[in-house]
Amino acid sequence: MTSELMHLKILLPSQVFAEKTRVSSIVADTREGSFALLPHRLDCVAALVPSILIYEIEGQGKIYLAVDEGVLVKTGLDVTISVRDAVGGADLGKLQELVEKDFLVLNDQELKVREISAKLESNLIRRLAEFHHE
């Protein structure tokens, strides 16, 4: 039965955070909501949002991780999750607090940077258009 279970690899920008075998289920969050992966689900790719990732290892129970935004890729029984940051080893309440205080705040800062970049780009395009018409 072990060959019918998933292999999970969680990657951070600078290291492999975790590599687990005998994973029977994974629950992840996207902008559209939560979804579960089971071993025989069709292959997929999903953009993850900052949230609590849950995976279950046969004989060990559920494991909870706070994860920042990233990407999940399932091919066959292999699942690779690449995220900006991940934290485990704390109780569920502390992990949820970490997601809300650290990961979501970073995203708010990133949104501000994107807004400023968009304004700069639109000003540049407008000025180039004016220059072209002269």
Side-chain angles (χ1 to χ4, degrees):
M1 175 93 176
T2 302
S3 65
E4 296 295 315
L5 297 175
M6 295 179 284
H7 176 257
L8 173 63
K9 186 184 281 190
I10 301 171
L11 305 173
L12 299 179
S14 62
Q15 67 185 21
V16 175
F17 180 80
E19 195 163 354
K20 304 293 181 180
T21 57
R22 299 184 358 241
V23 176
S24 57
S25 67
I26 300 169
V27 178
D29 288 356
T30 67
R31 292 194 190 286
E32 290 75 33
S34 296
F35 71 99
L37 290 175
L38 298 172
H40 295 294
R41 179 183 168 135
L42 294 176
D43 294 351
C44 66
V45 175
L48 303 179
V49 296
S51 61
I52 303 295
L53 177 77
I54 305 167
Y55 62 92
E56 188 166 1
I57 296 178
E58 183 181 59
Q60 293 183 22
K62 292 182 180 177
I63 292 123
Y64 302 93
L65 296 175
V67 295
D68 202 348
E69 64 183 15
V71 176
L72 177 148
V73 178
K74 181 182 185 301
T75 53
L77 295 174
D78 294 323
V79 178
T80 303
I81 297 174
S82 180
V83 291
R84 290 183 177 186
D85 198 5
V87 177
D91 67 56
L92 193 53
K94 289 190 187 285
L95 290 174
Q96 183 62 38
E97 183 179 317
L98 176 74
V99 168
E100 291 171 0
K101 287 188 177 178
D102 292 342
F103 297 162
L104 292 176
V105 167
L106 180 63
N107 286 341
D108 288 341
Q109 291 172 349
E110 194 173 280
L111 285 173
K112 289 177 185 175
V113 169
R114 287 182 184 173
E115 286 176 17
I116 292 169
S117 295
K119 287 179 184 177
L120 289 172
E121 288 172 7
S122 64
N123 283 338
L124 176 64
I125 292 170
R126 183 177 47 79
R127 288 183 184 196
L128 285 173
E130 289 172 0
F131 179 74
H132 186 268
H133 289 311
E134 289 179 359

Exercise for the section: Please tell me if the side chains of Val23 and Leu5 come closer than 4.5 Å, counting only heavy atoms from C-beta onward. Expected result: no
Problem - Linked, directly or transitively: Leu11 and Leu8 (ILVMFWY side chains, under 4.5 Å) - result: no
Problem - Separation of Glu4 CD from Glu58 CD (nearest 0.5 Å) - result: 11.0 Å
Problem - Step-by-step side chain to side chain contact (heavy atoms under 4.5 Å, CB included) determination, Leu12 to Val83 - result: CA-CA 5 Å; Leu12 299 179; Val83 291; 3.8 Å; yes
Practice task
For side chain to side chain contact (heavy atoms under 4.5 Å, CB included), just list the numbers for Val79 and Tyr55, CA-CA rounded to whole Å, side-chain angles, deciding distance to a tenth of an Å, and then say yes or no.
Solution key: CA-CA 11 Å; Val79 178; Tyr55 62 92; over 6 Å; no
Problem - Member of Asp29, Thr30, Asp68 meeting the side chain to side chain contact (heavy atoms under 4.5 Å, CB included) criterion with Ser51 - result: Asp29
Handout entry: Residue pair His7 / Leu77, side-chain heavy-atom distance below 4.5 Å
Key = no
Completion exercise
By side chain to side chain contact (heavy atoms under 4.5 Å, CB included), Asn123 pairs with (sequence neighbours left out) Arg126
Problem - Atom of Pro13, atom of Arg84 and distance for their closest heavy-atom approach - result: CD-O, 3.3 Å
Problem - From Lys9 atom NZ to Ser82 atom OG, the distance as rounded to the nearest 0.5 Å - result: 11.0 Å
Problem - Steps toward side chain to side chain contact (heavy atoms under 4.5 Å, CB included) verdict (Leu37, Cys44) - result: CA-CA 10 Å; Leu37 290 175; Cys44 66; 3.9 Å; yes
Problem - Leu53 with Phe17, same ILVMFWY side-chain cluster at under 4.5 Å - result: yes
Exercise for the section: Examine Leu65 and Val71 and state if one hydrophobic cluster contains both, with Ile, Leu, Val, Met, Phe, Trp and Tyr joined whenever side-chain heavy atoms are less than 4.5 Å apart. Expected result: no
Exercise for the section: Could you tell me whether the side chain of Lys20 and the main chain of Ile57 form a donor-acceptor pair under 3.5 Å? Expected result: no
Fill in the blank from the handout: Scanning both residues in full, the closest heavy-atom pair of Leu38 with Ser24 reads CD2-O, 3.7 Å
Problem - Polar side-chain atom of Lys74 near backbone of Gly76 as donor-acceptor pair, under 3.5 Å - result: yes
Problem - Ile81 and Val67, any side-chain heavy atoms less than 4.5 Å apart - result: no
Exercise for the section: Hey, could you give me the CZ/CD distance between Arg31 and Glu69, rounded to the nearest 0.5 Å? Expected result: 7.0 Å
Handout entry: Co-membership, hydrophobic cluster, residues Val27 and Val87, 4.5 Å side-chain
Key = yes
